[in-house]
Amino acid sequence: MQVASVIVDVAAMQTDKEFDYIVPEKWEGLIQPGMRVVVPFGPRKIQGFVTALKNKSNVKRLKSIIEPMDLLPVLNQELLELADWLTETTLCFKISAYQAMLPAAMKAKYEKVFQIRETAEPMDDKLASLFNRNGELAWEAAAKAGLLNSLRQEVKENRAELVYKVKSRDRKKSIRMIGLALSDEDLGGHLDALPANARKQKDVLHYLAASGSPLLSAKEVMEQTDTSNSTLKSLLEKGFIVERYQEVYRDPYENRQFKKTEPLPLTNQQQEAIAPILGSIEDVRHETFLLYGVTGSGKTEIYLQSIQRVLEKGKEAIVLVPEISLTPQMVHRFKGRFGDDVAVLHSGLSTGEKYDEWRKIQRKEVKVVVGARSAVFAPFENLGIVIIDEEHETSYKQEENPRYHARETAIKRAEFYQCPVILGSATPSLESFARAQKGVYHLLTLPNRMNNQQLPEVEIVDMREELRHGNRSMFSRALFEKLTDRLEKGEQTVLFLNRRGHSSFIMCRDCGYVAGCPHCDISLTYHRHSHRMKCHYCGFEEPVPSRCPECNSDHIRYFGTGTQKVEDELGKLLPHARVVRMDVDTTSRKGAHEKLLQQFAEGKADILLGTQMIAKGLDFPNITLVGVLSADTMLHIPDFRSAEKTFQLLTQVSGRAGRHQLQGEVVIQTYTPEHYSIQLAGKQDYDQFYKEEMMMRKLGNYPPFYYLALVTVSHEDVMIASGVTEKITQYIQARLSDEAIILGPVASPIARINDRYRYQCLIKYKREPKLNEILKTVMEHYTKQQGDKSLQVAVDVNPFIMM
DNA sequence: AGCACGCCGACT
DNA sequence: GTCGGCGTGCTC
């Protein structure tokens, strides 16, 4: 007897373990570890993942697997083991780890349906009429109609049954193909056999015969011969033609042409940088490289040529980019060099498109994957390199379970395959640069821009000074002057603003009342489209009050500056300027992002105005001015990384200017010009920033000097939330070494979300081998024993967001 | 997470 | 008497 260990699709602490099932004899040899199966679980039917096969079990009453959902494993042995590692390091459920590795289309959908029993005596007509043609009635529909009781009775009396269905959404797309069922010699005779008025049918047969190919798309044949499906149907019935369904991939880049590119000659500094990488590929040796190169120093060419070498070895490559729809130029470069060998995985694709790209990888039809964070799980089996571009980006950390970091995951996989990892950045994260300094990573440096272009000249403008001179506009005099100058010269400008919407919040000028969310401790954000205020955390929204709810004054004012407001302002000040605005609101539609960029690239706009998303990857020759409207918005958020993020962002945005022949200029507007992150971003001095920031981190006992773990407790009742956090803090404190620093319990920076109070405890530590075990115990204790449904305890190991 | 089972309050 | 509330415990 063969027994399969199965992880079931129930994300809960109590079910986060292997359940044993008998493998039915007919499927012995077929069912393998890494396959999805349908299993009975209590009264239901659910999806599960086979993790192992064995020949006996300690469980007395075993049930059998109902059916396999795959013909081949969807997770190979390496990925199964990687999931174990993910589970242990991020403290997530195993099922969550598996699901993170697979495209969303493979997540099971469940349906509960009442079915009429054919064999039994007919049920009441009125009730029976509610069932559909197939004799089915959805459980949910029945519940809505208040029929559950009568249906329960029907089930009891065997006139109906309740059926649990497991559906996979991994639909393949196929197209209908038709072809001649006859040989050429036979054709003549058969044509004669057709009645004289069957003109259309003859046309089709002639067309098929003339084409010479065994199968043609039915759609195409109908179009070309001007016939309809009924013609094909009669031919099929007569057996003159055959039809086949052929799987096709949904190709999001189908109609795009990619110009083939050849490897470019490398500069001396590029050659020096690439040599150790090629060495590591050659020796089949794992090593992590930190490729530190200023913007425009030619990192991408190094990626491309490293991949080239990997492909020559018959191996595969993964390239991670922050959020790929944001950098269509990047996709173009990879598709241009490696053509059809490239699959692309990013959030802009539909579920079906992602699934198809994933299958291309699984079926080994591609060798290179370019994608966002989750592409790190691409099911390659002969991985030769992993490249993480813009290594410092925080989007590489997933903020929901499993809370993994793509960088650590990539390194883990690369260790398994003994292949290199390249982390590329112009502004490496402090963690990575510190590791490079310690020799954990191999540091490679590209200090100069290609062709030795100058870095842009940066001017830092003190906005307080502007105010003192009576300038209350959002543009400093310097920026405005340069902006008009560019308009005259016909050169392009990028304006960067780190905030979306119109104004960030609404305040009464008389009493200082700020509109806040009634369910969360955060102010509401004003959206001009709808003229409403929205909460970005729980989705609450309400119209803008015309009078202050506190003091009844009508001096309601919008504070903060959003992209919409800047656009309006530009329209007033420079009515002739053509502005393209890019933010979440204008790019949410599919393909909108590329369209807007295209518009700008073709010179149909003078000014590109946008948020974060324009900071990366833009490379247009005509941009000679970059304006940062308010550099400090990020600086004041309560996060130990805020200075680092500010520096990185400013450096990145500045890098957009003057990448080609024309010299670039940057204007940074700020209310805190003396801050080191702004000063050093202005000088583009990463090395100095690294030194200063490392000092701050050392003083604050923050990474990279300490590791962090964050426990967040939430409950409807403040007292319970704080009380439980207090207990947890004590429990942890008692079990860690003296070296560990424990902060808490304190209220979270956002003390309430969705009417739940939030408390947290932050653990700073250097080496605590027992920590994960302790945290696991805490989670187990508070999910099981308390039984308080409202209590939530979440653990984030190496958190990036402290909220 | 679901779902059944089971044990108490208010009703046709 | 029964319907239905949700506390408790299990799912191979």
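First the proteins, then the strands, lettered A, B, ... as listed; each starts at 1.
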Give the table of side-chain donor-acceptor pairs shorter than 3.5 Å for residues 70-87 of chain A, with sequence neighbours excluded, one pair per line with atom names and distance.
unit_1	atom_1	unit_2	atom_2	d
A/D70	OD1	A/R36	NE	3.2
A/D70	OD1	A/R36	NH2	2.7
A/D70	OD2	A/R36	N	2.9
A/D70	OD2	A/R36	NE	2.9
A/N76	OD1	A/E78	N	3.0
A/N76	OD1	A/L79	N	2.8
A/N76	ND2	A/E381	OE2	3.3
A/E78	OE1	A/R413	NH2	3.0
A/E78	OE1	A/Y417	OH	2.7
A/E78	OE2	A/R413	NE	3.0
A/D84	OD1	A/K94	NZ	3.0
A/T87	OG1	A/A83	O	2.6

Notebook entry, point to check: When you measure from every atom of DNA chain C, which of residues 61-68 of chain A have a heavy atom less than 4.0 Å away?
Noted result: A/R61, A/L62, A/K63
Next item on the list: Name all residues meeting the side chain to side chain donor-acceptor pair (under 3.5 Å) criterion together with A/E716; count only those two or more places apart in sequence or in a different chain, and write none if there are none.
Entry: none
Check: In residues 16-23 of chain A, which ones come under 4.0 Å of DNA chain B, going by heavy atoms?
Finding: none
Next item on the list: For A/Y765, enumerate each residue passing the ring-ring contact (aromatic ring centres under 6.0 Å, His included) test, keeping only those at least two apart in sequence or located in another chain.
Entry: A/Y707
Check: protein-nucleotides 4-6 of chain C nitrogen or oxygen pairs below 3.5 Å:
unit_1	atom_1	unit_2	atom_2	d
C/dG4	OP2	A/N149	ND2	3.1

Item checked: Ring-ring centroid check A/F800 A/H405, cutoff 6.0 Å -> yes
Check: Separation of A/L148 atom CG from C/dC3 atom C1', in whole Å?
Finding: 14 Å
Checklist line | is_close_aromatic(A/F41, A/F19), centroid dist under 6.0 Å | finding: yes
Next item on the list: Sequence neighbours left out, what passes ring-ring contact (aromatic ring centres under 6.0 Å, His included) with A/F416? Give chain and number order.
Entry: none
Margin query: What is the distance, to the nearest angstrom, from the NZ atom on A/K60 to the C1' atom on C/dT11?
Written below: 12 Å
Next item on the list: Only counting residues at least two apart or in another chain, list the ones meeting ring-ring contact (aromatic ring centres under 6.0 Å, His included) with A/Y759.
Entry: none
Could I get a table of every N or O pair under 3.5 Å where one atom is in the protein and the other is in nucleotides 2-9 of chain B?
unit_1	atom_1	unit_2	atom_2	d
B/dC3	OP1	A/K112	NZ	3.3
B/dC3	OP2	A/K112	NZ	2.9

Checklist line | Check: A/Y98/A/D9 side-chain N/O donor and acceptor closer than 3.5 Å | finding: no
Note to self: Salt bridge check, A/K360 against A/E365: does any charged N sit closer than 4.0 Å to a carboxylate O?
What the structure shows: no
Check: side chain to side chain donor-acceptor pair (under 3.5 Å) with A/E67: which residues, sequence neighbours excluded?
Finding: none
Item checked: A/Q398 CD to A/T409 OG1 distance, which is reported to the nearest 0.5 Å -> 9.5 Å
Checklist line | Rounded distance (nearest 0.5 Å) linking atom CE of A/M69 with atom CD1 of A/I31 | finding: 12.0 Å
Check: Are the charged groups of A/R403 and A/E399 less than 4.0 angstrom apart, N to O?
Finding: yes
Note to self: According to ring-ring contact (aromatic ring centres under 6.0 Å, His included), who are the partners of A/F131, at least two apart in sequence or on a separate chain?
What the structure shows: none
Check: Among residues 86-111 of chain A, which contact DNA chain B at a heavy-atom distance under 4.0 Å?
Finding: none
Checklist line | A/E542 vs A/R532, salt bridge (Lys or Arg N to Asp or Glu O under 4.0 Å): CA-CA, chis, key distance, verdict | finding: CA-CA 6 Å; A/E542 64 179 7; A/R532 290 168 79 82; over 6 Å; no
